[in-house]
Amino acid sequence: MIDGYDFAEVEARWQQRWAEWGTYEVDADDPRPPYYVLCMYPYPSGPAHQGHVRNYTLGDVLVRYRTMQGNAVLSPFGFDSFGLPAENAAIKGGAHPREHTEARIAELKSSVQRLGAVYDWRRELRSHDPEYMRWNQVIFTRLLDAGLAYRAEAPVNWCPGCQTVLANEQVLADGTCERSGDVVERRQLEQWFYRITRYADELLDALDGLDWPERVKTMQRNWIGRSSGARIALDVVDESGDAITAADGTPLRIEVYTTRPDTGFGMTYVVLAPENPLVRACTTPEHAGGVSELASRVAGESEVERLSTEGPLDKRGAATGSFCVNPFTGAPVPVYVADYVLADYGTGAIMAVPAEDARDFEFARAYGLPIVRTVQPPEDFAGGAYAGEGRKINSGFLDGLDVAAAKERAISWLEESGAGQRSVQYRLRDWLISRQRYWGCPIPVVYCPADGIVAVPDDQLPVLLPDDVEFLPTGESPLRSHAGFLHATCPRCGGPATRETDTMDTFVDSSWYFLRFCDPWDASAPVDDAAARHFMPVDRYIGGITHAILHLLYARFFTRALGDVGLAPTEIREPFAQLFTQGMIRLGGRAMSKSRGNVISPNEYFASVGADALRLYHLFVGPPVDDIDWTEQTDEIIDGCSRFLRRVWHVATAADGAEMADVVGATPEDPAGDASHATRWASGSAPDELALRRVTHQTIARVTAALERYSFNTAVADCMKLTNAIGAARRAGVAAPAVEDATDALVKLLAPFAPHIAAEAWERRRGGHVHGEPWPLADPTLLAEENVTMVIQVDGKLRDRVEVDAGIGEDEAIAAALSSPRVLELLGGSAPARVVVRPPRLVNVVR
RNA sequence: GCCCGGAUGGCGGAAUGGCAGACGCGGCGGCCUCAAAAGCCGCUGUCCGAAAGGGCGUGCGGGUUCGAGUCCCGCUCCGGGCACCA
């Protein structure tokens, strides 16, 4: 309760009304133009913390603003409800993951509703709902049919803490698990993949057209990592130069990938990754010991150890005893095995050019291999590998060319001679989606001794999770030890079969929920084409930058893949037209999060100052892209927001000027308030009716522009200024119509930010629902000032100001400046050397 | 190492190349009160000055310009991303 405004009662009442009235329920046949605002659906970790409050406040501002602008705004909400923490809770013996999750959902939903954020709750989705699982599984089977899902053995990331494999995207740069922080191991395992690499080019190229933060686009570009160069097939020979043949009798060849085919003349050795299958055939008996020793050591190393640049290089490679013919020079060069070459990039083998590659240079020095420069370094070059521009040398037919031209010439030569061809490579790997965990969507296939991998037919979907499983972290899915789940019948032959017991990565769930929101009732398909065409793409997608690669890349892939397999409109390629990444909230220097245990609950603020004041704090404290720190000062700022709302309430509910004096700025000696102070809000001009109208319409224009560019902090600041101006105008006795119009505008402008108090104030003032009112339009004739303060500078320094007509001409402005006593004094009788005039803002007199 | 961001009062932050510090927090003073709280009114970058006024001032050093927080060049520090990807 603040001064007659019972925020607890008012907020509860309006939240109930918005729900009952279905104000923010929108259908595809709504005649208003559609607009889709979406906050990334949350993992249900319990009651909301301030990070949630910030996220949903930002989204809610846009939902309410666009609605007042006349759009039918689709504003759905859901829960990313599968995932590890729930299962870990079950292992600890607390509760079944489903119960645990549903209790957390109830808590989070309740705090989101208490915030006054409005959603079309009819569309609520939860990843673990059987219907959602069904469609997730249908999508899997269609991707399987299309070759976009496949099972393969590959070197994969294994997290010992989570007891499951992970996608590349879930391993941090330091080689640890993004979830548990454990050091991730490499294992060679057969797993399920989604073929995201098929879309590598499109995912990369389409980034250019997206209205997304540049840093997110850059991160995705780096992640996809396209490079272009050539593949070259090298003949393998023994030390006397005779061809070595493979097991099948054909000549043995090593294929290498290089981005620098122009440096071919400098290739002085070749390196195979230890896991490259050609290692065995290339290794001579004398060298078998060294090679296998290296291979076994590398196999036992974690990714972190392997990527480490510490330690002596001579322990990290081994000669195989065989040679390759350099196709450029015709000379044999030795073949090595070394751990600095990765098996799963390019061809798993490289041509080493120590003069132009730093890693090759170090390795060559450690092993005493020759170094032949093929690019002339600049004169001041310090030595070592030179990867820069320059003229080709020691390179036969390439000599004299620059690097780019030589690269093209070399590729042409390779293609003509049949030794190689142009090639493009990506850093992006296919998305490993299987997880050896319980609390996820089962992968809907069975393994039949007769028919092999068989997808579960649609009429047997969804494959649901049995509830009676033992939660033991064994490294295998708990489903494997559930006989009823494991044993199945082959849908094709009817014989006994075993069910796949791995579940899908939870990022699969979040890769298409935004499409499902368009019509979550559709019982015939995961995505309703017409509804998706109507609402997609998401106009404003709001979330944290932590998802810059993972979720946002997967969702872009999924949207394309679903279109291409006929499960969504093919023309919808990009799911999120505009992305806004909000800053995180830090407490004690670290991101506020449940897992770190440093969360501040909004509940105490709901009780002490109300949802509106807390929302206002989050909007006002700084630009929404920036991180903010929760500090000792925070409570004081929140109190300041609460005080501001109280002033708004007084201004909006006071009946008339005389009565206003009781609430704002009145003293016994000065019952109308001190009018002289009112000059603050309209520099120099008297607080008259016209001035108040000008301030009102300037505020409308400024707040509207600010909303369009996410400058919510300045929008709130402008509302505060308008509130101060209305108070001052009342004290100065400005006529009621201008004051009432200004107050009406203020209440409407505040409606997206502080929806409850705005709704209550509007209902009392005008009746009806402020959020159903059209957004106020600024009157252009009132935006221009009549009189402005013109700045007079001498030599660029501010020396005087004069009030002038806004339409003042150049000559008049100069005359006004030159008649200023301050200017005359500084000129000391001499004429100015020059006068720069920018009416009506400024005159600069140059001496 | 490479690529992005950023640096403005005591604090959070404002400023299409044109009055630096909007708005708010904190602080100081005043009104109201027996008093306090709340509220309201004002002041609040810094130095010199009684004042008028002036000097200095947006991380550092240069430059462009009549004029630079803003543009350019070179640094420092902080934050983030990438980094045996051939």
Side-chain angles (χ1 to χ4, degrees), chain A residues 2-3 173 213-216 218-219 221-223 225 227 229 256-260 263 271 306-309 316 338-342 344-353 356-360 362-363 425-429 545 548-549 616-617 620-623 625-629 631-641 643-644 646-647 650 662-670 673-674 676-677 680 683 711 713-721 724 727 731 789-801 822 832-838 841-847:
Chain A
I2 40 171
D3 288 12
E214 210 46 55
R215 30 191 303 236
V216 176
T218 302
M219 284 165 75
R221 283 190 192 104
N222 289 342
W223 188 260
S227 75
V256 296
Y257 170 73
T258 178
T259 57
R260 293 291 304 275
T263 62
V271 188
R306 177 154 173 186
L307 295 185
S308 163
T309 47
R316 310 187 64 173
D339 68 350
Y340 79 90
V341 173
L342 306 176
D344 58 355
Y345 181 79
T347 59
I350 63 158
M351 60 174 227
V353 185
E356 276 97 34
D357 181 281
R359 297 150 295 171
D360 296 346
E362 282 182 41
F363 190 86
Q425 291 294 321
Y426 302 90
R427 210 185 84 109
L428 181 70
R429 297 275 81 89
I545 193 141
I549 295 174
L616 218 48
Y617 160 76
F620 181 62
V621 71
V625 276
D626 290 354
D627 290 347
I628 57 173
D629 285 295
T631 68
E632 318 79 59
Q633 199 190 18
T634 299
D635 280 355
E636 285 162 351
I637 300 174
I638 293 173
D639 286 343
C641 291
R643 282 198 294 273
F644 163 64
R646 174 168 38 206
R647 284 194 292 275
H650 288 159
D662 295 335
V663 272
V664 182
T667 62
E669 299 84 55
D670 181 15
D674 184 348
S676 70
H677 294 134
R680 268 178 83 209
S683 51
S711 185
N713 53 328
T714 62
V716 172
D718 281 319
C719 288
M720 289 173 170
K721 274 164 88 171
N724 294 340
R731 268 177 275 130
T789 304
M790 187 172 75
V791 168
I792 301 174
Q793 297 179 338
V794 176
D795 293 338
K797 283 185 191 291
L798 172 72
R799 294 302 180 196
D800 204 358
R801 302 181 172 99
R822 300 270 314 121
R834 187 180 162 188
V835 180
V836 179
V837 59
R838 296 282 181 277
R841 311 221 49 92
L842 163 145
V843 176
N844 186 12
V845 179
V846 185
R847 287 188 287 182

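Sequence lines set the chain letters: A, B, ... in the order given, protein chains first and strands last, and positions in each chain run from 1. Since this is a predicted model, take the numbers as computed values, not measurements.
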Looking only at heavy atoms, which two atoms of [X] and [Y] are closest? And how far apart?
X       : Y       : value
P832(A) : V845(A) : CB-CG1, 3.5 Å
R847(A) : D795(A) : N-OD1, 2.8 Å
M219(A) : I549(A) : O-CD1, 4.0 Å
V353(A) : D360(A) : N-OD2, 2.9 Å

[N] pairs with which nucleotide, Watson-Crick or G-U wobble, both distances below 3.5 Å?
N      : answer
U70(B) : none
G12(B) : C23(B)
U76(B) : A7(B)
G39(B) : C31(B)
G45(B) : C56(B)
C2(B)  : G81(B)

Counting side-chain heavy atoms from C-beta on, which of [options] comes nearest to [X]?
X       : options                : result
V836(A) : C25(B), C19(B), G18(B) : G18(B)
Y340(A) : C84(B), G24(B), C82(B) : C84(B)
T714(A) : A14(B), C19(B), G18(B) : A14(B)
D339(A) : C25(B), C84(B), C23(B) : C84(B)
Q633(A) : C23(B), C66(B), C25(B) : C25(B)
F620(A) : C82(B), G12(B), A86(B) : G12(B)
V791(A) : A86(B), C19(B), C66(B) : C19(B)
N724(A) : G67(B), G24(B), C19(B) : G24(B)
K721(A) : C23(B), C25(B), G13(B) : C23(B)
V621(A) : A22(B), C66(B), G12(B) : G12(B)

Return the value, rounded to whole Å, for the distance between atom [atom1] of [X] and atom [atom2] of [N].
X       : N      : atom1 : atom2 : value
D360(A) : A86(B) : CG    : P     : 12 Å
D639(A) : C11(B) : CG    : C1'   : 16 Å
N713(A) : A14(B) : CG    : P     : 5 Å
Y617(A) : C25(B) : OH    : P     : 14 Å
D718(A) : A14(B) : CG    : C1'   : 10 Å
M720(A) : A14(B) : CE    : P     : 14 Å
D626(A) : A7(B)  : CG    : C1'   : 12 Å
R731(A) : G39(B) : CZ    : P     : 16 Å

Contact class for [X] (heavy atom, under 4.0 Å): base, sugar-phosphate, or nothing?
X       : answer
G225(A) : nothing
V846(A) : sugar-phosphate
T631(A) : nothing
N844(A) : base

*ring-ring contact (aromatic ring centres under 6.0 Å, His included) partners for Y257(A), two or more places apart*: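 If we apply the ring-ring contact (aromatic ring centres under 6.0 Å, His included) test to Y257(A), skipping adjacent residues, there are no hits.
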Give me the distances for all protein-to-nucleotides 1-6 of chain B N/O pairs that come in under 3.5 Å?
none

Problem set entry | N-O pairing of E214(A) and R221(A) below 4.0 Å |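 Salt bridge between E214(A) and R221(A), a charged N being under 4.0 Å from a carboxylate O: yes.
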Any N or O donor-acceptor pair linking the side chain of [X] to the base of [N] at under 3.5 Å?
X       : N      : answer
E636(A) : G24(B) : no
R801(A) : C19(B) : yes
N222(A) : C82(B) : no

Rounded distance in Å between the [atom1] positions of [N] and [M]:
N      : M      : atom1 : answer
C43(B) : G80(B) : C1'   : 41 Å
G5(B)  : G10(B) : P     : 28 Å
C23(B) : G30(B) : C1'   : 23 Å
A20(B) : A15(B) : C1'   : 7 Å
U65(B) : G49(B) : P     : 39 Å
C71(B) : U44(B) : C1'   : 33 Å
G62(B) : C56(B) : P     : 15 Å
G17(B) : C28(B) : P     : 39 Å

With syn defined as a glycosidic angle within 90 degrees of 0 and anti as anything else, the base of G24(B) is anti
Is there side-chain contact between [X] and [Y], with heavy atoms separated by less than 4.5 Å?
X       : Y       : result
V843(A) : V836(A) : no
F620(A) : M720(A) : yes
Q425(A) : T259(A) : no
R260(A) : D357(A) : no
I792(A) : R822(A) : no
I637(A) : T634(A) : no
R316(A) : D339(A) : yes

Is there a side-chain contact (heavy atoms from CB on, under 4.5 Å) between N844(A) and V835(A)? Walk through the geometry before answering.
CA-CA 6 Å; N844(A) 186 12; V835(A) 180; over 6 Å; no
Please list, pair by pair, any protein nitrogen or oxygen found under 3.5 Å from a nitrogen or oxygen in nucleotides 51-55 of chain B.
{"unit_1": "G54(B)", "atom_1": "OP1", "unit_2": "R822(A)", "atom_2": "NH2", "d": "2.1"}
{"unit_1": "G55(B)", "atom_1": "OP1", "unit_2": "R799(A)", "atom_2": "NH2", "d": "3.1"}
{"unit_1": "G55(B)", "atom_1": "OP2", "unit_2": "R799(A)", "atom_2": "NH1", "d": "3.3"}

Fill in: Phosphate contact (G39(B) OP1 or OP2) by R646(A) side-chain N/O below 4.0 Å
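So the side chain of R646(A) is within the cut-off, an N or O lying under 4.0 Å from OP1 or OP2 of G39(B).
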By nearest-heavy-atom nucleotide on RNA chain B, the more 5' of I549(A) and A349(A) is I549(A)
Comparing nearest nucleotides in RNA chain B, the 5'-proximal residue of the pair Y426(A), M219(A) is M219(A)
